[in-house]
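Naming: A, B, ... by sequence-line order, numbering from 1 per chain. Quick caveat, the model's predicted, so the values are computed rather than measured.
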Protein chains: 2
Amino acid sequence: MVVATLKQVAAHAEVSVQTVSNALNAPHRLRPDTLARVNASIELLNYRPNRNARSLRTSAVELIGYCVPSWPNQTHLVMDQFLHALCAAAERTGRHILLFTAPPGVEGMPVYDDLHARRLVDGFVLSQTETRDPRHGWLKEKKIPFVSFGRVWKESTQPGAWVDVDGAAGSALAVRHLYETGRRRIAFLSWPKTSGLAEDRLDGWRSTCAELGLPTAGLAVRCREDTFAEGARATAHLLDSPEPPDGIVALSDILALGALRELTRRNLTPGRDLGVTGFDDSPLADVAAPGLTTLRQPMDEIATHLITTLTTQSHAAHLLHPTLVVRGSTAPG
Amino acid sequence: MVVATLKQVAAHAEVSVQTVSNALNAPHRLRPDTLARVNASIELLNYRPNRNARSLRTSAVELIGYCVPSWPNQTHLVMDQFLHALCAAAERTGRHILLFTAPPGVEGMPVYDDLHARRLVDGFVLSQTETRDPRHGWLKEKKIPFVSFGRVWKESTQPGAWVDVDGAAGSALAVRHLYETGRRRIAFLSWPKTSGLAEDRLDGWRSTCAELGLPTAGLAVRCREDTFAEGARATAHLLDSPEPPDGIVALSDILALGALRELTRRNLTPGRDLGVTGFDDSPLADVAAPGLTTLRQPMDEIATHLITTLTTQSHAAHLLHPTLVVRGSTAPG
DNA sequence: GCGAAGGGTTTTAACGTTCAAAAGGCCTGG
DNA sequence: CCAGGCCTTTTGAACGTTAAAACCCTTCGC
């Protein structure tokens, strides 16, 4: 069956084309009986507005671009959660997500420009934000709408709107939870200093420990990369120290699982002998045994804020809070 | 800067609008000097064709729909790889991927229909195919173009085109690799019988063992779910049997990692004492220690076939072969 | 020298929708 | 009975592009 057009619906309902258009976009303008008649015809002919014609006329495509990241060495285990949430949020406003690939950083900007100039998308959601991300200024200068998932760190004035999750608050939650389950020496597994994300989460651990009067000296370990082996190595290092910790807050689920593995290897029981927490609530946290206590990013909230910020063109900043998902790895000690 | 239109380029190059259009879509029709003049104007005015106008006229949007899956209990660790490959393949033909959400199974079909009827997409890539997937027949009846990632199992005549990876061939590769590294009792960690995927991979293990004269009796274990704990439990069960295996082919990387964990717990060294392989080459395989030997899905090839099959509307079937990625977990025993 | 053929370019007419403005209908009040 | 105003509906044009036909000019064959 070929799709019906406005014209055909109009002919069937014996009104003008514009009236049918109004029935869809401004029903209050129609007399109730006309509206009913038109709607009946719409229903009967199974009419669906042609999005291309609409976009051509209104010059708004209701499509949001998202560059699908390809990390050579970093794993992104929660990308499916993020995309699902982003899609759902977009659909709640009648929009959709258009995926594309582009070189990382500022080299990719011509691709963004092209997509926007050719009217494939109205704007962009950026992720994988880096310190002083050059993409922000570029897009702003070209007047291309965008919103960033992730703060542009260390900048007092942001060139654009952003949404982010408070990593420090996340660490604070983890530390307090470990404290409440009886731990008093809480270590932190981190990454190299180059990552703004890592510093944020590390700061939260440090300040919360200070507030609770807990020691931090010698309890922060930097892992070289995000692997099980590095998490295990760092944990081994901590456990072999004169004063081993009784709790570990890890910067990622992967490091945390590495920690769990090291505990198991030493015949220590995670949760009982030592509390361990991860970050991001990746699928791994659930399939691990014991389940990994971790900090869940509020994906739906993030996505909703991203979409509304982008579509209302507001220059807002949203700092959201992660929530603690408690599983076996922090069973009361 | 407001984007230029064909009209403006035409005025600038002192030709008609259609000539500019031809310069882009059928340059051979123009006299070389005209073409050069038009191209110069295009360049100068930074002209980009408006996709909406084009689509309206040609009724082809060059967008492919993909329903972003949300598995309640199954993890999909290679989705980012898949999406990246799919995007890249689409872009190679000037197309893009449009993401959307829909209820699983046949309940979601009205969403597909709507997207197609409103001309947001030309067709769909389906994934998460199930046994006798009802979506295929539904789409075929509505004449909505689609291609499926995953066979509709056990059907002799498929209602549509598909691309899939030969799981049996994958298992065969794993078994032979373990055989060549000296293992002679090779077990298989599987899932419940309900999964066509699992049966395919299991069959490959069984037949290859038969070919090599290896035993299979008592060496296939079904895991209840895809978790580390189940993988570990099954492995423990195997190791405790009177004749323990010296190799394990697991249906998934997660089960394989569960197996590795159980080995470590028993102070066995994966790779030296027992060879273990996984499936799918998820990021975990690389971050595990030792690295997990696993079967990589040829994502780029899959994506390329999906896109070309969909866009050429051919009724083709492509069965692709996984490749073995050897890491430490099968170091020669 | 004239019709045919053909390459190159322009003209005309859509594609399906919405915007702006005009037209029509109906009621109210004088 | 008509002017004025409000509410509903129609008309005309436009969004930017491409397909098809028409047109012009040159070249070719006889």
Closest to the 5' end of DNA chain C, once Tyr47(A) and Arg31(B) are matched to their nearest nucleotides, is Arg31(B)

Counting only side-chain heavy atoms from C-beta out, which of dT18(D), dT8(D), dT17(C) sits nearest to Thr34(A)? dT8(D)

Round to the nearest Å and state the distance from Leu30(A) atom CG to dC6(D) atom P. 20 Å

Can you check the Glu62(A) CD to dT17(C) P distance for me, whole Å? 15 Å

Is it the case that the side chains of Asn52(B) and Arg57(B) hold a donor-acceptor pair, with the cut-off being a distance below 3.5 Å and no angle test? no

Using a cut-off of strictly less than 4.0 Å, decide whether Asn25(B) has a side-chain nitrogen or oxygen near OP1 or OP2 of dT18(D). yes

Could you tell me whether the phosphate oxygens of dT18(D), OP1 or OP2, come under 4.0 Å of any side-chain nitrogen or oxygen in Arg54(B)? yes

Do Thr309(A) and Ser314(A) have side-chain N/O donor and acceptor atoms under 3.5 Å apart? no

Test item: side-chain donor near acceptor, Gln297(B) and Asp280(B), under 3.5 Å: yes

Any donor-acceptor N or O pair under 3.5 Å, side chains Asn39(B), Glu43(B): no

Side chains of Glu62(B) and Ser55(B) only: does a donor on one sit below 3.5 Å from an acceptor on the other? no

Decide yes or no on side chain to side chain donor-acceptor pair (under 3.5 Å) for Tyr66(A) and Ser127(A), but give the supporting numbers first. CA-CA 8 Å; Tyr66(A) 177 74; Ser127(A) 72; 2.9 Å; yes

Separation of atom CG in Asn52(A) from atom P in dT18(C), rounded to whole Å: 12 Å

Nucleotide by nucleotide, 5' to 3', does protein get under 4.0 Å of the base (B), only the sugar-phosphate (S), or neither (-) in nucleotides 10-15 of chain C, counting heavy atoms? BB-BBB

Atom CZ of Arg118(A) and atom P of dT17(D) are separated, to the nearest Å, by 11 Å

In whole angstrom, give the distance that lies between atom CG of Leu24(A) and atom P of dT17(C). 9 Å

Asp113(A)/Lys142(A) ion pair, N-O < 4.0 Å: yes

Check the distance between dC15(D)'s P and Leu6(A)'s CG and give it to me in whole angstrom. 19 Å

Rounded to whole angstrom units, what separation is found between the CZ atom of Arg29(B) and the P atom of dA22(D)? 16 Å

Under-4.0 Å side-chain N/O to phosphate OP1/OP2 contact, Ser21(B) with dT18(D): yes

